[in-house]
Amino acid sequence: MQNKSNFNQAIWLAISYTCSMLVGILSSVILSRYFDKVQYGTYKQIIFVYNTLITIFQAGLPAVFTYFLPRYSKGEGKFIVRKLQILLFLLGACFAVCLFFGSGFIASLLNNPELTVGLRIFSVFPLFTLPTLGVEGIYTVNKNTRFVAIYQIVTRLTMLFCIVIPVIIFKNDYRYALVGWGVASFVAFLIALVAKNRAYKDVDSIKLPNLTKEIFVYSLPIMGAALVSVVFNSANQFFISRYYGTIAFAEFSNGFLTLPFVPIFIAPVRAVLTPVFAKASAKGEYGEALNSLHSGMQQIMTLMVPMIVFAFFFAREIMVFLYSSIYENSNIYFQTMLVYNYAEMFIISFILSSIGKPKITMYISIVCAVVLWILDICIIKSNFGSPYLIVIVFVFVHIVSSYVIPGFYLTKKERMKLLDRKIIIYVSKITLHTAIIGFLVYFSIRHFLSSMQLFWILCIGLLCYYALLLATMSIIRVNYFSVFYRFIKKK
């Protein structure tokens with residue numbers, strides 16, 4: 001029953017992440033065709049600055065929802081949510097002020113004077129975006145991920161329409177897209193306020209003493225890790241933007257994106273398993289949590305490996321189809337990111353924070369961030385430096401910091417058996433199987449159908465690829481559609 005509940009919760013979360021990812025892709029596809037590379041690169045730089053700084057200003061508080069709420073009663077949970085809401089609003093105000101007055105410095109840092117204007121337009125929006133954080137955590141803990149899906153669909157579609165309609169109808173200018181972004185943020189802010197109150201509308205608040213102190217005792221190490229994460233994750237974007245220009249940054253932004261289906265499958269499972277491991281850590285018994293982890297890992301591999309392999313072979317065609325031929329060079333960034341997507345299937349990066357050891361995550365991140373920046377500086381100073389090499393080094397260090405080192409720590413120190421022989425054999429055989437089929441399909445199409453339109457090349461390639469997988473999967477005793485069958489059966 002527990003596995004069934006977790007699976008159904010993950011399905012609804014998958015629906016919400018699907019909508020979120022599709023909106024992100026559609027907005028990029030539309031804007032990259034309306035803007036030239038300079039305007040599009042500037043817009044993407046503003047989003048990069050926002051995503052970088054929000055990691056700092058949220059102060060680790062979103063993690064508090066999924067860590068604290070399962071440990072307290074509903075009445076105490078209502079008090080926790082209200083306290084967090086006040087803190088998030090104050091942090092949003094600080095974020096807005098810093099973004100406005102720091103816009104000139106950020107523009108000079110990224111070597112793009114136009115950013116000063118764009119960031120000042122954008123600066124008021126964090127007042128609305130930070131207080132929306134936590135809706136997903138609240139409803140996931142309360143086993144109501146169906147509401148999360150509805151919330152994500154409504155807010156993301158609002159975001160899409162508000163961003164692209166002003167550009168299409170009024171003026172081909174990134175500033176119009178920013179204004180639309182702000183309108184959508186305000187709408188999402190109002191919806192989030194209603195949603196948070198709705199979760200505890202029939203519950204009396206129970207005051208908790210010293211709650212603020214407990215919150216920051218837990219969240220500050222996460223914030224420390226987030227600060228290091230900012231330094232780490234911004235390395236490739238900073239160096240490409242500053243040293244290779246806005247046009248190179250535009251190509252990087254469109255190519256260096258995760259395969260949309262990856263977070264759709266991984267994030268819901270991770271969100272469901274986070275409170276499971278939090279409860280297991282309180283009891284000191286991880287057996288059931290690890291069983292859920294292994295089950296989720298195998299389901300993710302069944303769905304993701306075929307998609308990753310297909311996207312890797314057809315990366316150039318996908319980039320040109322989405323963003324036009326001027327972004328053909330983005331395929332190298334995309335293929336590099338797919339390597340990281342493959343590593344993400346081993347969903348262990350969230351466990352350290354879930355079991356109350358965020359400091360370990362922070363220490364790992366500090367060491368790896370320092371190593372990454374040293375390597376990037378060496379690349380910039382060398383004669384063979386390029387934005388592609390910057391990204392390759394980033395992905396390698398990211399895998400080591402997020403999966404290799406945490407996995408080693410959890411295995412040795414916490415005595416967790418994160419991977420067993422069955423999982424290793426399973427992922428190895430489906431990787432080999434899909435790689436062989438992908439190779440045959442890609443080079444057959446390149447040889448016989450290269451003159452066709454890209455849309456039909458991708459459609460025929462995908463159809464042939466999955467047809468061959470379906471026809472030959474019995475050879476390796478794998479059913480790539482088992483997860484879908486399971487969902488239909490449970491329905």
Do the side chains of [Y] and [X] get nearer than 4.5 Å, heavy atoms only?
X: Met452; Y: Leu449; value: yes
X: Glu317; Y: Arg446; value: yes
X: Val478; Y: His433; value: no
X: Leu99; Y: Val49; value: yes
X: Arg316; Y: Gln335; value: no
X: Ser386; Y: Leu389; value: yes
X: Val441; Y: Phe314; value: yes
X: Tyr50; Y: Thr129; value: yes

- [ ] For Trp373 and Val231, indicate whether the former's side chain and the latter's backbone hold a donor-acceptor pair under 3.5 Å.
- [x]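 Looks like yes, one N/O pair under 3.5 Å.
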TODO: Answer yes or no: is there a donor N or O on one side and an acceptor on the other, between the side chain of Arg242 and the main chain of Leu109, under 3.5 Å?
DONE: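 Flag set: sc Arg242 to bb Leu109 pair under 3.5 Å.
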Partners passing side chain to side chain contact (heavy atoms under 4.5 Å, CB included) against [X] (at least two apart in sequence or in another chain):
X: Phe313; answer: Val309, Phe439, Tyr442
X: Asn329; answer: Glu251, Tyr388
X: Ser28; answer: Tyr40, Lys44, Asn254, Tyr323

TODO: Begin with the C-alpha distance, continue with both residues' side-chain angles, and end with the deciding distance and a verdict on side chain to side chain contact (heavy atoms under 4.5 Å, CB included) for Cys98 and Phe57.
DONE: CA-CA 10 Å; Cys98 292; Phe57 283 96; 3.8 Å; yes
- [ ] Show the numbers, then the answer: is there a side chain to side chain contact (heavy atoms under 4.5 Å, CB included) between Phe252 and Ser241?
- [x] CA-CA 9 Å; Phe252 159 80; Ser241 181; over 6 Å; no
Task: OH/Tyr244: more than 12 non-hydrogen atoms of other groups inside 6.0 Å - done: yes
State the [atom1]-[atom2] distance between [X] and [Y], to the nearest 0.5 angstrom.
X: Ile308; Y: Met337; atom1: CD1; atom2: CE; answer: 10.5 Å
X: Ile150; Y: Thr155; atom1: CD1; atom2: OG1; answer: 11.5 Å
X: Leu133; Y: Lys196; atom1: CG; atom2: NZ; answer: 6.5 Å
X: Asn236; Y: Thr336; atom1: CG; atom2: OG1; answer: 10.5 Å
X: Ile332; Y: Met319; atom1: CD1; atom2: CE; answer: 12.0 Å
X: Ile106; Y: Thr116; atom1: CD1; atom2: OG1; answer: 9.0 Å

What pair of heavy atoms forms the shortest contact from [X] to [Y], and how long is it?
X: Phe125; Y: Leu178; value: CE1-O, 3.1 Å
X: Tyr327; Y: Ala250; value: CE2-O, 3.8 Å
X: Ala235; Y: Asp376; value: CB-OD2, 3.6 Å
X: Thr431; Y: Thr434; value: O-OG1, 3.1 Å
X: Leu458; Y: Phe310; value: O-CZ, 4.0 Å
X: Ile445; Y: Gly461; value: CD1-CA, 3.1 Å

Open item on the list: Suppose we screen for ring pair (Phe, Tyr, Trp, His ring centres under 6.0 Å). Which residues come up paired with Phe35, at least two apart in sequence or across chains?
Closed with: none
Open item on the list: Using the ring pair (Phe, Tyr, Trp, His ring centres under 6.0 Å) criterion, which residues pair with Tyr426? Sequence neighbours excluded.
Closed with: none
TODO: Can you label the angle between the Tyr243 ring and the Phe239 ring as parallel, tilted or perpendicular, going by 30° and 60°?
DONE: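 Taking Phe239 first and then Tyr243, their aromatic rings lie parallel (interplane angle under 30°).
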Less than 6.0 Å separating the ring centroids of [X] and [Y]?
X: Tyr174; Y: Tyr43; answer: no
X: Phe346; Y: Tyr403; answer: no
X: Tyr176; Y: Trp181; answer: no
X: His398; Y: Phe232; answer: yes

- [ ] Applying side chain to side chain contact (heavy atoms under 4.5 Å, CB included), run through Met345 and Gln298 and close with a yes or a no.
- [x] CA-CA 9 Å; Met345 295 187 302; Gln298 185 165 329; over 6 Å; no
Would you please say whether a donor-acceptor pair under 3.5 Å links the side chains of [X] and [Y]?
X: Glu344; Y: Asn341; value: yes
X: Thr52; Y: Asn233; value: no
X: Ser253; Y: Tyr333; value: no
X: Ser295; Y: Gln299; value: yes

Task: CA sep, side-chain torsions, deciding dist, call: Leu127, Phe95, side chain to side chain contact (heavy atoms under 4.5 Å, CB included) - done: CA-CA 8 Å; Leu127 278 170; Phe95 189 179; over 6 Å; no
Open item on the list: Against the six-membered ring of Phe249, is Lys37 placed for a cation-pi contact (under 6.0 Å from the centre, within 45° of the normal)?
Closed with: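 Not satisfied by the 6.0 Å and 45° rule.
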TODO: Return each pair, listed once, that meets salt bridge (Lys or Arg N to Asp or Glu O under 4.0 Å) where at least one residue sits in residues 150-159; pairs must be two or more places apart or across chains.
DONE: none
